[in-house]
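Here's the structure, in structure tokens; my notes come after.
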Number of protein chains: 2
Amino acid sequence: MHKASQSLEVASANVENPQPSSRGKIKEKSSENAKIISYKPAGTGTLGKALEVLDIIALSDVPLRFTDILKTVDQPRGTLHRQLSNLIEEGLVLANPDGTYDPGLRLLKLAARAWSKNSFRSIAEPHVRKLHEATGETVHLGVLNGLEVIYVDKIESNQTVRMHSQLGNASPLYCTGIGKAMLALLPEEDVVQRAQQFAYMKYTETTLHTPELLLADIQKVRNAGVAHDREEHEVGIRCVSAGIDGGENSTVAGVSVTAPAYRISEDTILKWESLVFETARAIERDMVVSMGPRSQQ
Amino acid sequence: MHKASQSLEVASANVENPQPSSRGKIKEKSSENAKIISYKPAGTGTLGKALEVLDIIALSDVPLRFTDILKTVDQPRGTLHRQLSNLIEEGLVLANPDGTYDPGLRLLKLAARAWSKNSFRSIAEPHVRKLHEATGETVHLGVLNGLEVIYVDKIESNQTVRMHSQLGNASPLYCTGIGKAMLALLPEEDVVQRAQQFAYMKYTETTLHTPELLLADIQKVRNAGVAHDREEHEVGIRCVSAGIDGGENSTVAGVSVTAPAYRISEDTILKWESLVFETARAIERDMVVSMGPRSQQ
DNA sequence: AAATTGAGTTCCAAATAATGGAACTTGCTA
DNA sequence: TAGCAAGTTCCATTATTTGGAACTCAATTT
């Protein structure tokens, strides 16, 4: 109990869940069920601590030196030094000649596989493409991950912007169309809980920057079936989004169409609402076929 | 040579680097042993073992179940089970409802940062783009990583193919233009050593599938300053490539132009040779400016 | 229906790896 | 040249990982 509690306690709070799992599965963390969700597992175990360091290096906006990392992570110098050595040895971190550290190439290689193997993404791809063709605007496909949405696919309307520039990027749930659409799929108490955990930032005038504003909007999304981002994350940018419920698969995701506000009329928005909604439904249907109950191999 | 320089080179690209390091370096497994390059560090330490499991999951072409992984990795069931638990808890691995495992979303998020933070890539980007504009064909940017080239950027000639589909992908050095161009930059004994370690596959009729064939070609590349892939990896595909020597930075990389053989004449090839060569030189110059001696921050 | 098998999970003493404090280098600065 | 800051190494202590075996549970087999 002593040690188990430390390594896997994330689920400590959400005990007793019927979980109709057939064969046992490995302690699945906060997926759909988790009543109490701990999004910040805080590096427990050797792996967790190593990843904590890796996160600091990867998520920083400026190159970090040894001491910078040391200040962020609460550890003795000797310990951090060895952790960095291990990360470098494994190719997860790159030591620059000037004494700073960068994320390593191995991450790219792993992620390339993670992306191409992602079955949800490949199932959704034709639908995403069709939506792009129907609207002519930028389309995003995102997956729920804790308090963020992670973009797993994207088709740009404007080809001058690099396509892949944003894949894998993460945005907060509360200020994006996809984020709100996904929240609306979750049980109310789960939404309430997450709403309390956001570190709200008022990106624009219309950003929903309190749990109350957010929860009220989520209710509207539930009724409408689609979510709107009315310049809530970036001035001048609007988006229409619909949530995708993976069901069995427990994946919660969303699609969206995004465009500059000046370019689109209310009529266009209405048209997009149904297009986006239908796209989400189509993806859900394909998911049941491909990964649903009783299938796969 | 100044500042701190802890380029520990465990499995880094350049063995045998005089490296006038001033401050001590991190760890450094065995400096006199640097002749023997261990590209397969074989999971040492807790982190290494965890990554070994992650690699198996990420690099497999089919979804793996617990037992499949167990057969590949030589470990007791109990141990593997806990390792998987840890990987799942950290978001590096995703447990599917059907009992199979996939690489997790956290990898995408980390890799997105690794990519956008990669200073080499961003320095090279304008040159890569220019080369694409000058040739109208597909341009690749790759970095040396052990026995492979990892593609860090790519501009497609044919927009119908998804741009990001290949980023992070790895190919063997011996059968790609960029790979051979990079090898040509390394000291001879290093090339010989790597040449012996490849698991040669005869992809096409012209694949250089023995160390002898490869070494002979590398010599030609050294003389010419550019490397050719004459349908050595894929039938009907040719490519012209030049190596990029990071110098101080110790990054070894390469650029290439690729096109279907039927579409290009010998004249075109000649023109590309100088374009590609010049692009590589231009990138090297920019690297010295941005990350070379006396700079940073 | 009972027995068997296969797949996954849990437990715990023993083995191994990580920790953290302190001493040690080294380059830079006052 | 003394002092300082940044980075590196060492090693006894502490904590985690290991691996074998026992256990659960469902799907076959007999």
Side-chain angles (χ1 to χ4, degrees), chain A residues 1-9 11 19-28 43-53 63-90 93 95-101 294 297, chain B residues 1-8 19-31 43-53 63-90 93 95-101 294 296-297:
Chain A
M1 183 49 115
H2 34 294
K3 87 196 265 185
S5 68
Q6 229 207 344
S7 44
L8 300 180
E9 97 310 341
Q19 187 76 16
S21 67
S22 50
R23 201 62 79 69
K25 6 161 150 181
I26 285 188
K27 191 92 65 173
E28 193 176 319
T44 44
T46 309
L47 218 205
K49 289 172 212 155
L51 282 175
E52 200 180 335
V53 174
L64 300 178
R65 287 191 307 271
F66 184 90
T67 317
D68 303 320
I69 302 171
L70 186 62
K71 270 180 284 202
T72 309
V73 74
D74 188 29
Q75 297 210 53
R77 290 209 301 286
T79 299
L80 176 61
H81 188 260
R82 190 178 22 71
Q83 286 172 335
L84 278 171
S85 300
N86 291 337
L87 285 169
I88 292 168
E89 190 174 340
E90 293 299 334
V93 163
N96 301 317
D98 68 356
T100 61
Y101 298 93
R294 307 282 126 243
Q297 298 182 300
Chain B
M1 186 178 334
H2 33 280
K3 247 301 177 160
S5 155
Q6 69 261 43
S7 58
L8 76 129
Q19 191 77 27
S21 68
S22 43
R23 205 66 83 71
K25 324 161 148 192
I26 265 192
K27 189 61 184 341
E28 181 162 357
K29 280 187 122 61
S30 51
S31 48
T44 45
T46 309
L47 218 205
K49 290 172 210 155
L51 282 175
E52 200 181 334
V53 174
L64 299 178
R65 287 190 305 266
F66 183 90
T67 316
D68 303 321
I69 302 171
L70 186 63
K71 271 180 283 200
T72 309
V73 75
D74 188 28
Q75 296 209 54
R77 291 205 300 287
T79 299
L80 177 61
H81 187 262
R82 191 179 22 71
Q83 285 171 335
L84 279 171
S85 300
N86 291 337
L87 286 169
I88 292 168
E89 189 177 339
E90 293 300 335
V93 164
N96 301 318
D98 67 357
T100 61
Y101 298 93
R294 311 269 132 246
Q296 107 230 7
Q297 295 178 266

When rounded to the nearest 0.5 angstrom, what is the spacing between CD in B:Q75 and CD in B:Q83?
4.5 Å
Out of D:dT8, D:dG19, C:dG20, which nucleotide sits closest to the side chain of A:F66?
D:dT8
side-chain N/O A:T46 vs C:dA17 OP1/OP2, d < 4.0 Å:
no
Provide, to the nearest angstrom, the distance between the CG atom belonging to A:L47 and the C1' atom belonging to C:dA17.
14 Å
Rounding to a whole Å, what distance do you find between A:N86:CG and D:dT17:P?
13 Å
Is B:Q83 near enough to D:dT18 that one of its side-chain N or O atoms lies under 4.0 angstrom from OP1 or OP2?
yes
Got a second to check how far B:E52's CD is from B:T72's OG1, nearest 0.5 Å?
10.0 Å
How many whole angstroms separate atom CG of B:L64 from atom P of C:dA7?
14 Å
A:D68 CG to D:dA5 P, in whole Å, measures 15 Å
Take the protein atom CG of A:D98 and the nucleotide atom P of D:dA6, then report the distance between them rounded to whole Å.
15 Å
How many whole angstroms separate atom CG of A:N96 from atom P of D:dG7?
13 Å
OP1, OP2 of C:dT9 versus side-chain N and O of B:R77: anything below 4.0 Å?
no
Checking the side chain of B:D98 only, and the main-chain atoms of B:T100 only, is there a donor and an acceptor separated by less than 3.5 Å?
yes
Would you mind reading off the distance between B:I88 atom CD1 and C:dG8 atom P, rounded to a whole angstrom?
12 Å
Is any side-chain nitrogen or oxygen of B:R82 closer than 4.0 Å to OP1 or OP2 of D:dT18?
yes
Taking side chain to side chain contact (heavy atoms under 4.5 Å, CB included) as the criterion, tell me which of A:D68, A:V53, A:I69, A:L87 meets it with A:Y101.
A:I69
Closer than 4.0 Å, any side-chain N/O of A:H81 to the OP1 or OP2 of D:dG7?
no
Nearest-0.5 Å distance that lies between atom CG in A:L84 and atom OG1 in A:T79
11.0 Å
Rounded off to whole Å, could you give me the CG-to-P distance for the B:L84 and C:dT9 pair?
9 Å
Residue whose closest nucleotide on DNA chain C lies nearer the 5' end, A:D74 versus B:T67
B:T67
Determine: side-chain N/O of B:K49 to OP1/OP2 of D:dT18, distance under 4.0 Å, yes or no.
yes
Please figure out whether A:T79 or B:Q75 has its closest DNA chain D nucleotide nearer the 5' end.
A:T79
